Amino acid sequence: METWSREFQEHGHQLTQVLELADMVVVNSCAVTAEAVRKSRKAMHRAHNRNPEAKLVVTGCYASLDPVTTAQDMGVDMVIGNQDKDRLVEIVSRELELKSMPQLATEPGVNSLLARGRQRAFVKVQDGCRYNCTFCIVTLARGEERSRPIADVADEINKLHSEGIQEAVLTGVHIGGYGNDLGITLTELIQTLLKQTSIPRLRIGAIEPWDLPKQFWSLFDNPRFMPHLHLPLQSGSDTILRRMARRCKKDEFAQLVASARTRIPNFNITTDVIVGFPGEGEQEWHESLEFIQQTGFGHLHIFAFSPRTGTLAAEMPRRVDRDTMRQRSQELHDLGMQMKRDTLLQNLGHSCEVLIEGQEECSDHGSAVWAGYTPNFLRVKVPYAAGDDLDNRIVTVKLEAIGAEGTTLLGRIIKE
Ligand code: SF4
């Protein structure tokens, strides 16, 4: 269930503790005893009664033993057998047409590539956005831009560091707008934080590409500022970007990426792409796909377009049909996997510092391993040695291979 939570967030969904607010509920059923069956059925019925609008997905042993009866139960939209549990998020996102476009394009709950943990904390530095991208509800929901004073942010980071946090991720709805209301800039914020805190790692979550000032790249000369940026592209077609009211054309995006890569070694760029924006024709789609491929990204967050009431895009004609949307998402997903593998390949042979975030089972090693992230945010697994406690430690690792699933690096610790 932890994995599903993470994957749902990676698909742009948010978790809620409030049943009535959910767009979808997953019940992981059990059949080990009659009591377990009774409780599983009770959970399904409670979910349906308290939120009949939500899609109800039932999985686990009870549902797998008798999928037909489960499917006929009141309110159940989909049964996922145990054999498909590993693909639950992928299947339900595809089949149930969940609202899967980021509601708040740059907030950590959405940009959950950077998951929160005991080692990493999000520090919100601003709220609101002055732009009006036609698909985005933020301007309506969050209003004017407001920034936190630098001293406040520094205090929070120092406190987190004293509690054992090793990495702070600066976030905001539109972080590039930081400081407009205070007469300071994001660059000044980061420069000051690097001076006034000693947290080993500082990152920014996501930033709109047109917001990056020229001197921004020099911040990465400080090894405590991590060489990874999530730059939302949304589309690689200029005509779609115009309909989205984005401020960065694809050539400008390409120039930014090129200057970052020239200036900063092993710089990792990840992005968001919306598939099936209204009117996205074959030619625009192929243009977009080609641009994404040429640019190369370490990770793609793919969102199927879903209209948000109150936005301009919700009123736009020529909606893309569901099958085309599915097919394009799949094509982009395959490209994303290939590009991720290429990024990992480019990093092989390097040695770098890895923040160890915990242990997990690893099919490549056939045993437990330590896992963590490189500065440029690539996941790395290193062999576990009994008696070692590397949790929340930063160790130097030689990156030696790619895991079988093609999404993780395998390494060897060369310095603890
Ligand atoms: S820049 Fe556009 S996508 Fe980002 S928060 Fe503002 S309106 Fe939304």
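Values reported hereafter were calculated over all heavy atoms of this structure, with side chains retained and with hydrogens, waters and symmetry mates removed. Atoms within each ligand, like the ligands themselves, are counted from 1 in listed order. All of these numbers come straight from a predicted model, not from anything done at the bench.
- Here the side chains of Tyr178 and Ile204 are not in contact, with every heavy-atom distance at 4.5 Å or above.
- Of all atoms in ligand 1, numbered sequentially from 1 with element shown, those under 4.0 Å from a heavy atom of Trp210 are 1 (S).
- Neither side chain, Glu208 nor His174, offers a donor N or O lying under 3.5 Å from an acceptor on the other.
- With a heavy-atom cut-off of 4.0 Å, Cys136 touches ligand 1 through its side chain alone.
- Taking a 4.0 Å cut-off on heavy atoms, Arg247 fails to register as neighbouring ligand 1.
- In this structure, Arg201 fails the cation-pi test against Tyr373, since its NZ or CZ atom is not both closer than 6.0 Å to the six-membered ring centre and inside 45 degrees of the ring normal.
- Using the six-membered ring where Trp is involved, His301 and His230 have ring planes that are tilted, between 30° and 60° apart.
- Every atom of ligand 1 with a heavy atom of Arg246 under 4.0 Å away is listed here by number and element: 2 (Fe), 3 (S).
- Of all the N, O or S atoms in Glu208, the one closest to atom 4 (Fe) of ligand 1 is OE2.
- Nearest heavy atoms, Glu167 versus Ile165: O-CG2, 3.4 Å.
- Against a heavy-atom cut-off of under 4.0 Å, Cys129 is close to the following atoms of ligand 1: 1 (S), 5 (S), 6 (Fe), 7 (S).
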